Amino acid sequence: MKYNFQTMMFGWFYHSACKKEYRKKFDSSGRVSKRVAVEYKNVILRAKDIGNSKLMSAYCMAAYFIAMNRCTGLSPEENYELFKNGLYNSSLLHKFLGNADSYLDQKKLPERKRWAEESHKRKYENDWVVDVLEGDGQFELGYNYHQCGICALCRDEDCFELAKYLCRLDYVMTDIMKMELCRTQTIAEGADHCDFRYKRKN
């Protein structure tokens, strides 16, 4: 995949969120931070193209987490905590994600269904394949992911065990947006699909 403006900006976005955490954890010289940035670019250049995917940000997040695990010397759990704290403390991320009202807006449903239909054409080997579900009273918006780009990238990079930590970050994003996520299974943990069910927090 190309290291272009889009993938560079997503990398910068995650890197900015983690920089303060790196300074807390390591010396202030920035050596670890620089190594992560270089490895992120290398992972992106090796990654299979996913076109103009709606989930490019998640694909780049996976590339960044892989880079962290190769460069920080920390365990996956420690890197997860560092990344999680960085995301929670990022005012930029809070603005980027929006809130429950914007995310669960019913006006977005037709576009999401078109995205789901297009995803089943499987134009790109590593892109997500998804079904979109309308709310049924128990949830307001649902997704069944039959293929996960994060899992695909982790598998290609021979670190599939990292995918489950990235799954946990879905709850971080959801919490920031003041929503609840109910999920009973993931591809990262051996299921044939991931079942996402979102609703507003009470």
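In this text the structure is predicted, and so the values were computed from the model without any measurement.
Residues F160 and L153 fail the side-chain proximity criterion, which asks for heavy atoms closer than 4.5 Å. At a threshold of 4.5 Å between non-hydrogen side-chain atoms, the residues W115 and K54 count as touching. Within the 4.5 Å cutoff, the side chain of W128 has no heavy atoms near those of the Y143 side chain. No side-chain heavy atom of L133 sits less than 4.5 Å from a side-chain heavy atom of F196. D127 places none of its side-chain heavy atoms less than 4.5 Å from the side chain of Y59. M1 places a side-chain heavy atom less than 4.5 Å from the side chain of M56. Contact check for L162 versus I66: side-chain heavy atoms found under the 4.5 Å cut-off. C60 places a side-chain heavy atom less than 4.5 Å from the side chain of I44.
A tilted orientation is assigned to the rings of H146 and H193, their planes being inclined by 30° to 60°. Using bins of under 30°, 30° to 60° and over 60° for the plane-to-plane angle, the ring pair Y64/H15 lands in the perpendicular bin. Aromatic ring orientation, F10 versus Y14: parallel (interplanar angle below 30°, classes split at 30° and 60°).
Panel note: side chain D105, backbone D101; no donor-acceptor pair is recorded below 3.5 Å. Using a distance-only test at 3.5 Å, with no hydrogens or angles considered, no donor-acceptor pair links the side chain of S90 to the main chain of S16.
Crowding of K84 atom NZ: a count of heavy atoms from other residues, nucleotides or ligands under 6.0 Å exceeding 12.
Ion pairing of E111 with K108 is absent here, as no side-chain N (NZ or NE/NH1/NH2) approaches a carboxylate O to less than 4.0 Å. We find that E125 and K48 are joined by a salt bridge, their nearest charged nitrogen and carboxylate oxygen being less than 4.0 Å apart. In summary, E39 and R46 engage in a salt bridge, as defined by a charged side-chain N under 4.0 Å from a carboxylate O. Salt bridge absent: E140 and R197 never bring a charged side-chain N and a carboxylate O closer than 4.0 Å. A salt bridge between E117 and R114 is absent, with no side-chain N of the basic residue lying under 4.0 Å from a carboxylate O of the acidic one.
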Apply salt bridge (Lys or Arg N to Asp or Glu O under 4.0 Å) to residues R70 and E157 and explain how you reach the verdict. CA-CA 11 Å; R70 290 182 176 156; E157 288 288 315; 2.7 Å; yes
Distance-only criterion, 3.5 Å: show the donor-acceptor pairs between side-chain atoms of residues 165-173 and protein atoms not counting sequence neighbours.
{"unit_1": "R168", "atom_1": "NH1", "unit_2": "E77", "atom_2": "OE1", "d": "3.0"}
{"unit_1": "R168", "atom_1": "NH2", "unit_2": "E77", "atom_2": "OE2", "d": "3.0"}
{"unit_1": "D170", "atom_1": "OD2", "unit_2": "R183", "atom_2": "NH1", "d": "2.7"}

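L74 and N79 get closest at one heavy-atom pair: O-ND2, 3.3 Å. Residues I176 and L87 approach most closely at CD1-O, 3.9 Å, considering heavy atoms.
When hydrophobic clusters are built by joining Ile, Leu, Val, Met, Phe, Trp and Tyr residues whose side-chain heavy atoms come closer than 4.5 Å, directly or via intermediates, L93 is grouped together with F83.
Here N52 pairs with Q6 under the side-chain contact (heavy atoms from CB on, under 4.5 Å) rule; sequence neighbours left out.
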